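So the structure is just underneath, and the comments pick up after that.
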Amino acid sequence: MRKQPDYTRLLVAMGLAAVAGSLDGYTYLTQGQVFAGLQTGNLILLGIHFGAGQWQAAWHYVTPLVMFGLGTLIARLIQHRYPKTARWTRSSVMLAYELGLILLAGALATLTHLPWVTGLLSMVAGTQLQEFRELRGKPFTPLMMTGNLRTFVEALYDLWIRKDHSAKLRVINMGGVLLGFLAGVALAGALQPLLQQATIFLTAGLVVLVLVAGHLPRMRQPRQADRVH
């Protein structure tokens, strides 16, 4: 029996974080300083504008909040109803679903500025946060870096001060995730002046790379016929 794709590896987690970072970098730069995934930021900006009586500006941040929730609900429905006998793993299907949403958002973004662009990308972020929450058997999030940063610093302390060498793996894992997220944001920032709205297709490429990375263990496994010969 061939191995199933493994989406709990560090390389995959770094790729997922890069996807999340590029989503937020893209929407902040091209969609009016709004975040696709960082809903804490959207809530803060929503509250600031409401408090200042800037009602029209405040509604700009409602769309990603609602669509993020919708993306989470759809992802949870898929998790609940996905057949165990399906040929493709659920995580692979989720990534393909994310890729479709990103491509649709990219097509709309190159035509006109619409709130649905941010909304679709917020659905991607909600889907990703709901489905991918494990790294080497430990909980993590590819989207919200506050908790990952806390875990990283805690692990550094345990490794350097308490001499707990088991913390080394946590340092590597969380450090990799943080670097992946930063790389995604940096790529979006570097390419946006050149590609403008089409920068979102960078994120689509990153999702494809995550799919490939998840399937690497399966690709490397020799087939039964090859082992016999």
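Worth saying up front: this structure is predicted, and the values here are computed from it rather than measured.
With a 4.5 Å cut-off on side-chain heavy atoms, V124 and L23 count as touching. Here the side chains of M123 and I74 are in contact, with some heavy-atom distance below 4.5 Å. Using a 4.5 Å cut-off on side-chain heavy atoms (C-beta onward), Q196 and T30 make no contact. Proximity of V212 to H215: side-chain heavy atoms (C-beta onward) are nowhere separated by under 4.5 Å. Side-chain atoms of R76 and Q130, non-hydrogen and from C-beta on, do get closer than 4.5 Å to each other. When side chains are defined from C-beta on, W116 does not count as touching T63, because their heavy atoms never get closer than 4.5 Å. No side-chain heavy atom of D6 sits less than 4.5 Å from a side-chain heavy atom of V12. In this structure, V34 and P64 have side chains that are in contact, with non-hydrogen atoms separated by less than 4.5 Å.
Criterion: ILVMFWY side-chain heavy atoms under 4.5 Å apart, direct or through other members. Under it, Y97 and L73 are not part of a common hydrophobic cluster. M144 and F132 fall into different hydrophobic clusters, where Ile, Leu, Val, Met, Phe, Trp and Tyr are joined by side-chain heavy atoms under 4.5 Å apart, directly or via other members. No single ILVMFWY cluster, assembled from side-chain heavy atoms under 4.5 Å apart, contains both L38 and L182. Under the 4.5 Å side-chain heavy-atom criterion for grouping Ile, Leu, Val, Met, Phe, Trp and Tyr, L149 is not connected to L169 through any hydrophobic cluster. With hydrophobic clusters built from ILVMFWY side chains whose heavy atoms lie under 4.5 angstrom apart, V93 shares a cluster with V210.
Taking each heavy atom of L10 and N173 in turn, the nearest pair found is CD1-O, 3.7 Å. For the residue pair T141 and M145, the shortest heavy atom distance occurs at O-CE, 3.7 Å. Contact record, A188 with L202: N-CD2, 3.9 Å, taken as the closest heavy-atom pair. Across all their heavy atoms, L143 and F181 have their closest contact at O-CE1, 3.7 Å. Nearest heavy atom pair, residue A125 against residue A36, reads CB-O, 3.7 Å. Nearest heavy-atom pair, L206 versus S22, reported as atom, atom and distance to 0.1 Å: CD1-OG, 3.8 Å.
Y26 places a side-chain N or O within 3.5 Å of a backbone atom of Q197 that can act as its donor or acceptor partner. The backbone N or O of V62 lies less than 3.5 Å from no partner atom in the side chain of N42, so there is not a single donor-acceptor pair. Between the S122 side chain and the F68 main chain, no donor and acceptor come within less than 3.5 Å of each other. When atom types are taken as modelled, the side chain of D24 and the backbone of F35 share no donor-acceptor pair closer than 3.5 angstrom. Judged purely by atom type and a 3.5 angstrom limit, R9 uses its side chain to pair as donor or acceptor with the backbone of A213.
The structure places CG of L103 at 6.5 Å from CZ of F201, a figure rounded to the nearest 0.5 Å. Separation of atoms CG (L129) and CD (Q39) is listed at 9.5 Å; rounding is to 0.5 Å. How far CG of L120 is from OG1 of T27: 12.5 Å, rounded to the nearest 0.5 Å. In this structure, the separation between CD on E154 and CG on L159 is 12.5 Å, given to the nearest 0.5 Å. To the nearest 0.5 Å, atoms OG1 (T72) and CD (Q128) are separated by 11.5 Å. For the atom pair CG (L77) and OH (Y82), the distance works out to 13.5 Å, reported to the nearest 0.5 Å.
Look at E134 and K138 and you find no salt bridge, because none of the NZ, NE, NH1 or NH2 atoms lies under 4.0 Å from a carboxylate O. Ion pairing between D158 and R170 holds under the 4.0 Å rule for side-chain N and carboxylate O.
Shown here is Y28, whose OH atom has no more than 12 heavy atoms of other residues, nucleotides or ligands within 6.0 Å.
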Residue pair F152, V171: steps toward the side chain to side chain contact (heavy atoms under 4.5 Å, CB included) verdict: CA-CA 5 Å; F152 176 72; V171 171; 3.8 Å; yes
May I have the step-by-step check of side chain to side chain contact (heavy atoms under 4.5 Å, CB included) for L16 and L95, ending in yes or no? CA-CA 10 Å; L16 290 168; L95 285 170; 4.2 Å; yes
Evaluate I78 against M94 for side chain to side chain contact (heavy atoms under 4.5 Å, CB included), listing each step before the verdict. CA-CA 8 Å; I78 295 172; M94 289 288 202; 3.7 Å; yes
Quick one, H49 with Y61, criterion side chain to side chain contact (heavy atoms under 4.5 Å, CB included). Give me CA distance, side-chain angles, the key distance, then yes/no. CA-CA 10 Å; H49 288 296; Y61 300 96; 3.4 Å; yes
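The side chain to side chain contact (heavy atoms under 4.5 Å, CB included) with L121 is formed by just one residue from the set L104, T203, I200; it is I200.
Residues Y7 and T89 bring no donor and acceptor atom of their side chains to less than 3.5 Å of each other.
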